[in-house]
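Keep in mind that what you see is a predicted model, and the values were worked out from it rather than measured.
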Amino acid sequence: MRKSAFTRACTRLVLLVVLTLAALLAPPPPGLSAAGAVTPAGEDAGMPAVGRTWPVGVRPRVLRGWEPPATVYARGHRGVDLAAPPGTPVRAVAAGRVSFAGRVAGKGVVSVELTGTGDPPLRTTYEPVRASVTEDDEVTAGEVIGTVAPTGSHCTAPCVHWGLLRGDTYLDPLALLPPWLLRRGPSRLLPVLGVPVPE
């Protein structure tokens with residue numbers, strides 16, 4: 001009798017640990033961006049989390065998040081602003097081909113079409129950037145594509161603007177990153193206290 005109660009308690013504990021880990025490691029439900037903000041229905045449904053690194057730093061501070069406009073020409077923020085001082089290396093978040101590297105409205109811009117993301121492919125944009133790549137260059141995830149330019153930013157603090165498009169539709173670039181890159185730190189298992197060790 002005593003052994004079966006112990007076995008049931010151990011089974012429940014293992015089940016609790018497994019369910020907790022499954023809940024923590026599960027991707028966010030559809031319609032919810034990786035940062036937790038609700039996105040318009042269908043806009044980035046099925047978007048693969050192909051990102052393998054942040055564009056700048058390890059976990060840069062998001063100065064301004066993605067604010068999708070209500071209509072094509074409405075106000076909004078069509079990307080995210082990441083804190084980064086001038087000269088910081090800017091990296092491709094995923095593998096792809098440089099579709100543009102040059103100046104737009106006086107700002108240095110780099111655009112990368114991401115490999116294997118459908119038709120039309122997903123395209124990331126980075127500005128203001130001093131490009132170290134040229135159009136049609138193939139880049140790998142994490143490869144430096146330039147540095148943050150000292151001028152041309154629309155932020156109140158030094159930053160890089162990171163955008164994401166599919167065709168002409170703007171999407172939340174944070175949705176490219178897998179959950180393990182968005183979290184503040186790794187999950188840690190704590191010791192179980194008060195449970196007898198099996199004999």
Close side-chain approach of Thr124 and Val93, heavy atoms under 4.5 Å: yes
Leu176 CG to Trp162 CH2 distance, which is reported to the nearest 0.5 Å: 5.5 Å
pair Leu114-Pro121: side-chain heavy atoms closer than 4.5 Å: no
Closest contact, heavy atoms only, Pro158 versus Pro85: CB-CA, 3.9 Å
Side-chain (His161) to main-chain (Ser153) donor-acceptor, under 3.5 angstrom: no
Sidechain-backbone polar pair: Trp54 side chain, Leu181 backbone, donor-acceptor under 3.5 Å: yes
Tyr126: which of Val109, Val90, Val148, Leu82 passes side chain to side chain contact (heavy atoms under 4.5 Å, CB included): Val90
Any donor-acceptor pair under 3.5 Å from Arg166 side chain to Pro120 backbone: yes
Which atom of Gly102 lies closest to which atom of Phe100, heavy atoms considered: N-CE2, 3.4 Å
Side-chain heavy-atom pair Arg91, Arg52 within 4.5 angstrom cut-off: no
Pairs involving residues 96-111, ordered by first then second residue, that meet salt bridge (Lys or Arg N to Asp or Glu O under 4.0 Å) (sequence neighbours left out): Arg97-Glu113, Arg97-Asp136, Lys107-Glu127
Main-chain N/O of Ile145 paired with Ser132 side-chain donor or acceptor, under 3.5 Å: yes
Residue from Thr169, Leu171, Leu174, Asp172 passing side chain to side chain contact (heavy atoms under 4.5 Å, CB included) with Leu164: Leu171
Arg130 atom CZ, neighbour heavy-atom count above 12 within 6.0 Å: no
Pairs flagged by salt bridge (Lys or Arg N to Asp or Glu O under 4.0 Å) wherever residues 68-89 is involved - sequence neighbours left out: none
Connected via hydrophobic side-chain network under 4.5 Å: Val62 and Val56: yes
Thr125 side, atom OG1; Arg123 side, atom CZ - distance, nearest 0.5 Å: 7.5 Å
Val72-Leu165 co-clustered via ILVMFWY side chain contacts under 4.5 Å: no
Other ILVMFWY residues reachable from Val58 by side-chain steps of under 4.5 Å: none
Pro178 to Gly51 - nearest heavy-atom pair and separation: CD-O, 3.1 Å
Shortest non-hydrogen contact from Val133 toward Ala101: O-CB, 3.6 Å
Taking every non-hydrogen atom, the tightest pair across Glu138 and Gly96: OE1-O, 3.3 Å
Residue pair Val112 / Ser99: nearest heavy atoms and the distance that separates them: N-OG, 4.2 Å
